[in-house]
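In what follows, chains are A, B, ... by sequence order, proteins preceding strands, each numbered from 1.
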2 protein chains.
Amino acid sequence: MIDQRLKTLRIFANCGTVAATAELTGYSPSAVSAQLRELQRSLGMQLLSKEGRGVRLTAAGRQLVRGADTLVADWELLRASAFNADDQVPGHLGMGGFSTAAAHLLAPLAQHLRVERPAVEVELVEAHPEHCLNLLVAERIDLAVIVSTQAGLRSDDDSKFEQVTLLNDPLDVIVPKDHPLAGRSHLHLEELAGEQWITDAEGSVYRALFTAAFAAIGQMPRIAHQAKEWETMSAFVGAGLGVGLLPRLAVLNGLEGVSRVRLAGANHPTRRIVAAVRRGSMEAPLIRESLEFLQEEAARILRVRLAEGG
Amino acid sequence: MIDQRLKTLRIFANCGTVAATAELTGYSPSAVSAQLRELQRSLGMQLLSKEGRGVRLTAAGRQLVRGADTLVADWELLRASAFNADDQVPGHLGMGGFSTAAAHLLAPLAQHLRVERPAVEVELVEAHPEHCLNLLVAERIDLAVIVSTQAGLRSDDDSKFEQVTLLNDPLDVIVPKDHPLAGRSHLHLEELAGEQWITDAEGSVYRALFTAAFAAIGQMPRIAHQAKEWETMSAFVGAGLGVGLLPRLAVLNGLEGVSRVRLAGANHPTRRIVAAVRRGSMEAPLIRESLEFLQEEAARILRVRLAEGG
DNA sequence: TGGATTCGTGCACAATATCTGCATGATCGA
DNA sequence: TCGATCATGCAGATATTGTGCACGAATCCA
């Protein structure tokens, strides 16, 4: 309902470049450029100025973007209240999540909605947590299941999103089968401080999680190799290249050659899995219902996992 | 910046019919109809239902319209703050007012702006007070000078507009030249309670003003004839058909046959002339500047009138 | 330093959305 | 029952908006 051009400006403010905005929104770069030009013309304001080979926001542009968060949240709230007023639901619901979430949480939700709300056309997208938030802003999806870093979201995201914690997924250690610690039922992270570690590249959510886990015990582990996928990491570990951290919920196809050991300790590392929606939309019946289902499903999963192995 | 379809819905909520909405917005009726249909489709909500030969809002529609006021005000505020952030002004400014206001207040303002802000394209519209407010909502104009009834605006208009009082225009009495009271310098409204009165039709702003003036002294005067224009009323009075109330600022071409007498008394009747803008837009530099000019101009006019005849 | 890359923008053309004018059916008032 | 008013749908015209490509500018890398 907010003008498309203003939405584009917001996304541009997040990305910083026209090209990235185009990719995120699905427009071509020239369309984004034209939209921003047209926005400035119709408002009679200069919003962008050249900066090197790119463009950056002027004071007026920044002011506009800052206030736009409130505007969008107000609209979401209004839309939600209108749905409530007649107990109607929208015809489409887009949901995004990272791999594990997509498999364990969103798939059951989609199945549930297909039964309970057959009129709603559900669309699933698998994407990395950071990308999910961008898709949320761009309104490509309406609900995202992401890994929250300990620090939480970026500060300015508080005005864009609302979150619900779904579950705290504990991190296990995977070590080669012939590792001295492989037989243990539990161990402490401190015991592994001297190991060679395998984790994701700098800047990723998993790396941030990894760093935070060791920061909590005052250690700075040695990172020997990088892997993006759990399967890859598992293979590396199996080859004796090092050890790694693996979320409890991540199930591996083949565990040959590796051994999963639980971490003990007062505050053993976990990854917090949260559902995020655009601020204001949480009041919408369909969103509320979906979030409740996700919380129940998360609780169910936790119960199953506890039963599986204490 | 708010979607055109939602704006149309708001205006429809004011008018009640598609046809009136079309007239006010400048669209054709089928365009309005199509916009509302499209709005419902894109929101996945039913907003209208058939009612006789017209349509009326559903609960969801009413909820949407109610909240839209806040949304629009937030946008106006945001736009104004963005203008302030770079000290820029829009390229166009529409202003509306009823006849006297258009002549005495808006014309000097337009002249002032042509000198001070040559880049701004100024547009003047003469329209009745009620219509001015509709034009304000429809964004055909950005500033309106209207007569405020004692009761103020309608209650739900408070969320749509902000007002500034420009001046209190006292009401004089015009009587036939040969009337017993014609020579008096001042007189009290009570002395005229038994006269035959000439005023505008039921439902008009002037009629409301008239009624309020007599209600204040607990009288219900006898209305003998109706006239829309001051000139018409003056002619009626000159023909001996009755007496009438005439605002001080209303200057008549010919005053032959009639005599203007001032009203005395603690709270002699006045019409309050106010400037109204869309809520939120008062922070915009150009609007603020215009309002200040209008207040000064109003004060100047009052001084001149006071000098003319104490 | 020079070539490759990335970025934003403009233009011609295509696709889409939107408006108008008219015809139609429904409803209301006289 | 007739005329007026109202909303809506459709066909065609119009305006808006998007795409693909080319270009110039700025940056990066070797």
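We find the CZ-CG distance between B:Arg79 and A:Leu6 to be 12.5 Å, quoted to the nearest 0.5 Å. One distance of note links CD of B:Glu23 with OG of B:Ser28; it measures 12.5 Å at 0.5 Å rounding.
Here C:dC19 is the nucleotide among C:dC19, C:dG8, D:dT8 with the atom lying nearest to any side-chain atom of B:Ser28. The side chain of B:Arg53 lies closest to D:dA4, out of D:dT19, C:dG21, D:dA4. With C:dG8, D:dA7, C:dC22 as the choices, the nucleotide that has an atom nearest any side-chain atom of B:Ser30 turns out to be C:dC22.
Judged by distance alone with a 3.5 Å cut-off, no donor-acceptor contact links the side chain of B:Ser33 to the base of D:dG9.
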Hey, what are the protein-to-nucleotides 14-17 of chain D N/O distances that come in under 3.5 Å?
unit_1 : atom_1 : unit_2 : atom_2 : d
D:dT17 : OP1    : A:Arg5 : NH2    : 3.2

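Across the protein-nucleic acid pair, B:Arg37 atom CZ and D:dC10 atom P stand 8 Å apart, rounded to whole Å. To the nearest angstrom, P of C:dT18 lies 11 Å from CG of B:Leu39. Note: CG (A:Leu36) to C1' (C:dG10) measures 15 Å, nearest angstrom. C:dT9 atom C1' lies 17 Å from atom CG of A:Leu47, rounded to whole Å. One atom, NZ of B:Lys7, and another, P of C:dT18, lie 14 Å apart when rounded to the nearest Å. Between the CG atom of A:Leu48 and the C1' atom of C:dC7 there is a distance of 14 Å, given to the nearest Å. Across the protein-nucleic acid pair, A:Leu9 atom CG and C:dG8 atom P stand 14 Å apart, rounded to whole Å. Distance, B:Lys50 NZ to D:dT8 P: 7 Å, rounded to whole Å.
Nucleic acid contact for A:Thr17: sugar-phosphate only, since backbone atoms but no base atoms lie under 4.0 Å from a heavy atom of the residue. Within the 4.0 angstrom heavy-atom criterion, only backbone atoms of the sugar-phosphate kind lie near A:Ala19; the bases stay farther away.
Annotation for B:Glu162 and B:Gly280: closest pair OE1-N, 2.9 Å, computed over non-hydrogen atoms.
Residues satisfying the side chain to side chain donor-acceptor pair (under 3.5 Å) criterion with B:Glu38, sequence neighbours excluded, are B:Arg41. A search for side chain to side chain donor-acceptor pair (under 3.5 Å) contacts involving A:Arg279 returns nothing, not counting sequence neighbours.
Under a 3.5 Å cut-off, the side chain of A:Arg10 and the backbone N or O of A:Val65 do not form any donor-acceptor pair.
Heavy-atom nearest nucleotides on DNA chain D were determined for A:Ala34 and for A:Glu51, and the one closer to the 5' end corresponds to A:Ala34. Heavy-atom distances to DNA chain D give each of B:Ala20 and A:Val32 a nearest nucleotide, and the one nearer the 5′ end belongs to B:Ala20.
Neither side chain, B:Thr58 nor B:Gln46, offers a donor N or O lying under 3.5 Å from an acceptor on the other.
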